[in-house]
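These values consider heavy atoms only, across backbone and side chains, with no hydrogens, waters or symmetry-generated copies.
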Amino acid sequence: MATSAKEIMSRPDRLVPGHRMCAGCGATIALRNVLKALKPEDQAVILNATGCMEVSTFTYPYTSWTDSYMHNAFENASASASGVEAAYKALQKKGRVKENYKFIAVGGDGSSYDIGFQSLSGAMERNTDYVYVCYDNEAYMNTGIQRSSATPMYADTTTTPIGSQSNGKPQNRKDLTEVIAAHNVPYAAQTTFMGNFKDLYAKAEKAIYTPGAAFLNILAPCPRGWRYDTPKIMDVCKAAVDTHFWPCYEYEDGKWTITYEPKNKLPIEDFLKLQGRFKHLFKKENEHLIAEIQKEVDRKWDELAAKCNL
């Protein structure tokens with residue numbers, strides 16, 4: 001039976017204050033709340049790919065993580081998870097480890113969608129008993145806001161800057177959750193921050209306690225890269241789901257389920273207008289670009305709804 005959100009919220013933090021993440025950072029909110037889904041009696045090994053979370057939460061000899069922690073390169077967090085999980089099973093078999101451990105790999109979209117995709121795909125195909133948590137802030141924020149394959153079409157980044165010859169990133173974003181589901185893993189899901197975090201908690205608990213490989217993709221806004229008013233992070237996330245830009249759904253044992261459907265679907269402009277990275281789209285001559293984004297968002301939602309038999 002699923003644990004109530006209220007009970008999960010009351011658990012002690014496993015990602016504690018003292019880190020150097022930016023004020024209003026979505027990644028910090030994501031990981032802090034995912035770790036609350038761990039049962040108090042269970043221990044964890046956190047395998048953190050290089051990125052914002054790593055450089056800001058672990059500066060030797062100081063750490064903001066209360067569980068065992070391993071810093072990995074951009075490309076090998078999932079490979080490390082496979083190795084540590086295999087070692088744990090071997091030690092358990094020999095009776096040398098009695099405690100119950102869970103293995104959680106953490107990476108931004110740069111190390112998940114791009115640089116570390118090979119090891120991520122390999123661990124998912126091997127069905128390593130771990131959870132991969134992607135805090136998706138839609139660009140390489142740690143190194144200067146360069147575009148990644150998670151960056152949305154027409155977003156302004158330092159490597160796809162707007163100007164007389166460019167309207168931002170010309171390509172659509174990769175759908176990594178769908179790609180991971182194609183590995184036939186036991187569990188994969190998308191979520192973000194809404195209301196009482198019930199959707200995030202429910203999916204984090206499922207991901208952690210489902211035997212085998214699990215993937216959790218969390219939209220985690222970055223105030224510097226997205227250029228929104230920092231206190232409005234929840235508004236940005238709510239707009240993302242209410243416009244269908246970021247559908248909240250899960251893939252569980254081959255079944256697709258939409259876990260949140262807005263009562264009143266909003267136009268994509270309601271999401272875009274909250275962020276400076278899309279400011280150029282609201283010039284009169286760029287109205288057709290917003291229409292293109294809307295068309296793609298609607299296409300992807302219809303595709304997902306069909307998978308969910310809606």
Side-chain angles (χ1 to χ4, degrees), residues 1-5 8 14 30-31 33-39 42-47 49 67 77-82 84-86 88-89 100-109 111-113 116-117 119-136 150 174-194 197-220 241 246-261 300 303-310:
M1 184 176 179
T3 310
S4 69
I8 289 176
R14 292 180 183 238
L31 270 299
N33 286 284
V34 165
L35 294 180
K36 280 183 175 286
L38 280 160
K39 297 174 183 176
D42 290 341
Q43 299 189 49
V45 177
I46 310 299
L47 303 111
D67 288 287
S78 289
S80 297
S82 291
V84 174
E85 185 253 2
Y88 169 66
K89 286 182 176 177
N100 192 37
Y101 277 88
K102 297 295 180 181
F103 304 93
I104 303 174
V106 175
D109 51 282
S111 58
S112 308
Y113 285 66
F117 177 73
S119 67
L120 170 59
S121 176
M124 291 289 154
E125 186 272 331
R126 291 189 298 272
N127 200 31
T128 297
D129 192 4
Y130 86 126
V131 182
Y132 190 98
V133 180
C134 173
Y135 57 94
D136 187 350
K174 182 192 293 182
D175 189 338
L176 183 59
T177 311
E178 190 174 73
V179 172
I180 297 300
H183 289 66
N184 297 312
V185 295
Y187 189 76
Q190 279 193 181
T191 188
T192 188
F193 322 132
M194 298 180 295
F197 286 65
K198 184 178 179 180
D199 193 72
L200 189 154
Y201 287 142
K203 288 171 179 172
E205 186 176 48
K206 273 190 183 181
I208 292 169
Y209 290 100
T210 294
F215 177 76
L216 198 57
N217 203 1
I218 305 175
L219 187 70
V241 295
W246 186 261
C248 288
Y249 67 92
E250 59 187 5
Y251 170 87
E252 187 173 14
D253 294 326
K255 182 182 178 182
W256 299 79
T257 305
I258 291 173
T259 57
Y260 173 84
E261 188 167 0
K300 289 294 293 180
E303 187 181 85
L304 174 62
K307 290 176 181 174
C308 298
N309 296 316
L310 296 179

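Relative to the ring axis of Y260, K198 does not place its NZ or CZ within 45° and under 6.0 Å from the centre. F197 does not carry K36 over the face of its six-membered ring by the limits of under 6.0 Å from the centre and within 45° of the normal.
Between V34 and L216, the shortest heavy-atom distance links the atoms CG2-CD2, 4.0 Å. In this structure, A189 and E250 approach most closely via the heavy-atom pair CB-CB, 3.9 Å. Shown here for M124 and A214, the closest heavy-atom pair between the two residues is CE-O, 3.3 Å. Considering every non-hydrogen atom in both K174 and Y113, the closest pair reads NZ-O, 2.6 Å. S82 approaches R126 most closely through the heavy-atom pair OG-NH2, 2.9 Å. The nearest pair of heavy atoms linking A37 to Y201 is CB-O, 4.3 Å.
Remark: K307 NZ is packed, more than 12 non-hydrogen atoms of other residues, nucleotides or ligands lying under 6.0 Å away.
For the residue pair Q190/T177, the side-chain donor-acceptor check at 3.5 Å is satisfied. Neither side chain, D129 nor Y88, offers a donor N or O lying under 3.5 Å from an acceptor on the other. A donor-acceptor pair shorter than 3.5 Å cannot be found between the side chains of D67 and Y101. Defined by atom type and a distance below 3.5 Å, a donor-acceptor pair is present between the side-chain atoms of Y130 and S78.
Atom CD of residue E205 and atom CD1 of residue I8 lie 4.5 Å apart, to the nearest 0.5 angstrom. The OG1 atom of T259 sits 4.0 Å away from the CG atom of D199 when rounded to the nearest 0.5 Å. For the atom pair CG (L310) and CD (E261), the distance works out to 6.5 Å, reported to the nearest 0.5 Å. Atom CD1 in I218 sits 11.5 Å away from atom OH in Y135 (nearest 0.5 Å). A distance of 12.5 Å separates OG1 in T191 from CG in D136, rounded to the nearest 0.5 Å. Note: K203 NZ to E252 CD = 11.0 Å, rounded to the nearest 0.5 Å.
In this structure, the side chain of E85 does not engage the main chain of F103 through any donor-acceptor pair within 3.5 Å. Checked by atom type and distance alone, the side chain of Y209 pairs as donor or acceptor with a backbone atom of K39 at under 3.5 Å. Looking at S121, its side chain never comes within 3.5 Å of a backbone N or O of F117 through a donor-acceptor pair.
Counting heavy atoms from C-beta on, the side chains of I46 and L31 never come closer than 4.5 Å. Counting only heavy atoms from C-beta outward, the side chains of I208 and D42 never approach each other to under 4.5 Å. Here the side chains of N127 and P211 are not in contact, with every heavy-atom distance at 4.5 Å or above.
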Task: Residues L176, D109; criterion side-chain contact (heavy atoms from CB on, under 4.5 Å); working and verdict - done: CA-CA 9 Å; L176 183 59; D109 51 282; over 6 Å; no
Open item on the list: Before you tell me yes or no, could you show the steps for K300 and E178 under salt bridge (charged side-chain N to carboxylate O under 4.0 Å, His left out), namely the whole-Å CA-CA distance, both residues' side-chain angles and the distance that decides it to 0.1 Å?
Closed with: CA-CA 11 Å; K300 289 294 293 180; E178 190 174 73; 3.6 Å; yes
Task: Verdict with supporting geometry, I180 and Y251, side-chain contact (heavy atoms from CB on, under 4.5 Å) - done: CA-CA 10 Å; I180 297 300; Y251 170 87; over 6 Å; no
- [ ] Mind running side-chain contact (heavy atoms from CB on, under 4.5 Å) on F215 and V185 for me, showing each step along the way?
- [x] CA-CA 8 Å; F215 177 76; V185 295; 5.5 Å; no
